[in-house]
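Data first, discussion second: the structure below is written as structure tokens.
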Amino acid sequence: MGDYFQTIVDLDASPEEAAAYADRGLAWLLSEGMVLPDRTDCVLGAPLGHPPGPNWAGVCGPEDASWEPGGGLDVQVGRTVFSAGQGEPEAVTCPRCEATTRLITDTWQSDDEAWEPFGAALRTWDEEGEADVVCPACAAPVPLPEYRWADDFFAFAHLGFEFWNWPHFSDEFLTRFADVFEGHRTVRVWGKL
């Protein structure tokens, strides 16, 4: 068992813009009836969140419409390392040269040597808000948030909408929700605790 989450992360909201975009995203979810305005004890890791609204099924396809959400929405504003939770990241791709670096061995164990520069940068970004990793393939220093993680295991940003125990989001919902952020790039980080 366990608790599942899906976090829609705005990759482009700056620290100064994050609160305004959080309000915009929440207002859209409320106007669509997907969540309710009054916050309750319905999310893990936060005291209060927005419970599902009467139109919660608008987030999923018809095949999942009978899976009523078991939790709510937590809007996270501020520098955050959004993570898939359990497991290890499998690989990461450099946006400059498109080379993919495997972070696990053929036996599915963490490759500590490959992971070390990324782990160090993750800790630095979490503390300071900036960190580069020299690409193992092209030797270019690349800001950590620009790397693409296999299965969207990580996202480094200042705004995320974390839904707990909701049905799988449809592509249509993800596209409609992304439109609220005026062309910002978004990604869905999902996982289990």
Side-chain angles (χ1 to χ4, degrees), residues 4-32 34-35 37 43 45-46 49-50 58-60 72-85 89-101 103 117-138 140-164 166 168-191:
Y4 294 85
F5 61 89
Q6 299 174 83
T7 307
I8 300 171
V9 180
D10 181 334
L11 297 171
D12 296 326
S14 70
E16 298 77 23
E17 299 172 321
Y21 279 103
D23 291 345
R24 179 185 300 241
L26 181 58
W28 184 81
L29 292 167
L30 290 168
S31 72
E32 294 288 314
M34 294 177 183
V35 297
V43 296
H50 295 275
V59 305
C60 62
L73 164 68
D74 179 29
V75 181
Q76 298 180 8
V77 176
R79 183 172 57 239
T80 305
V81 176
F82 295 97
S83 167
E90 183 177 332
V92 63
T93 301
C94 173
R96 304 288 194 272
C97 69
E98 297 298 320
T100 297
T101 300
L103 301 172
F118 292 97
L122 185 150
R123 290 184 295 277
T124 300
W125 189 90
D126 192 33
E127 293 170 6
E128 301 174 15
E130 292 184 22
D132 290 347
V133 177
V134 173
C135 173
C138 69
V142 178
L144 181 64
E146 293 182 18
Y147 278 92
R148 293 188 312 274
W149 297 86
D151 296 321
D152 296 320
F153 193 90
F154 285 120
F156 302 88
H158 301 275
L159 175 59
F161 293 80
E162 188 173 65
F163 295 79
W164 283 94
W166 283 54
H168 184 79
F169 294 154
S170 69
D171 290 340
E172 178 187 355
F173 167 71
L174 292 171
T175 299
R176 289 180 62 216
F177 194 47
D179 288 345
V180 173
F181 304 108
E182 302 177 321
H184 285 193
R185 296 171 302 136
T186 60
V187 67
R188 180 181 71 103
V189 175
W190 59 276

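What you see is a predicted model; the values in this text were computed from it and never measured.
In this structure, A84 and V189 approach most closely via the heavy-atom pair N-CG1, 3.8 Å. What you find for P136 and T101 is that their closest heavy atoms are CG-OG1, 3.6 Å. D152 approaches R188 most closely through the heavy-atom pair CB-O, 3.6 Å. L103 and V92 get closest at one heavy-atom pair: CD1-CG1, 4.1 Å. Contact between P95 and E146 at its shortest, heavy atoms only, is CG-O, 3.4 Å. Closest of all the heavy-atom pairs between A131 and A121 is CB-O, 3.3 Å.
In this structure, Q6 CD and E162 CD are separated by 10.5 Å, a value rounded to the nearest 0.5 Å. To the nearest 0.5 Å, atom CZ of residue R123 and atom CG of residue L144 are 11.0 Å apart. Rounded to the nearest 0.5 angstrom, F163 CZ and D74 CG are separated by 10.5 Å. A distance of 13.0 Å separates CE in M34 from CZ in F161, rounded to the nearest 0.5 Å.
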Return a table of donor-acceptor pairs under 3.5 angstrom between the side chains of residues 8-22 and protein atoms on other chains or two or more places apart.
| unit_1 | atom_1 | unit_2 | atom_2 | d |
| --- | --- | --- | --- | --- |
| D10 | OD1 | D12 | N | 2.9 |
| D10 | OD1 | A13 | N | 3.0 |
| D10 | OD1 | H184 | ND1 | 3.0 |
| D10 | OD2 | H184 | ND1 | 2.9 |
| D12 | OD1 | R185 | NE | 3.1 |
| D12 | OD1 | R185 | NH2 | 2.8 |
| D12 | OD2 | R185 | N | 2.7 |
| D12 | OD2 | R185 | NE | 3.4 |
| S14 | OG | E16 | N | 3.4 |
| S14 | OG | E16 | OE1 | 3.3 |
| S14 | OG | E17 | N | 3.1 |
| S14 | OG | E17 | OE1 | 3.4 |
| E17 | OE1 | S14 | N | 3.0 |
| Y21 | OH | E182 | OE1 | 2.9 |

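Residues W149 and F156 are in side-chain contact: their nearest non-hydrogen atoms beyond the backbone lie under 4.5 Å apart. Contact check for L26 versus L73: side-chain heavy atoms found under the 4.5 Å cut-off.
The backbone N or O of F118 sits nowhere less than 3.5 Å from a side-chain atom of Y147 that would complete a donor-acceptor pair.
Residues passing the ring-ring contact (aromatic ring centres under 6.0 Å, His included) test with F173, sequence neighbours excluded: F169, F177.
In D151, the CG atom is not crowded: 12 or fewer heavy atoms of neighbouring residues, nucleotides or ligands sit closer than 6.0 Å. Residue W190 qualifies as open at atom CH2: its count of foreign heavy atoms under 6.0 Å is 12 or below.
Applying the side chain to side chain donor-acceptor pair (under 3.5 Å) test to every pair with at least one member in residues 125-137, sequence neighbours left out, gives no pairs at all.
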Derivation of the side-chain contact (heavy atoms from CB on, under 4.5 Å) call for T100 and T93: CA-CA 4 Å; T100 297; T93 301; 2.9 Å; yes
Could you go step by step and tell me if V187 and T7 meet the side-chain contact (heavy atoms from CB on, under 4.5 Å) rule? CA-CA 8 Å; V187 67; T7 307; over 6 Å; no
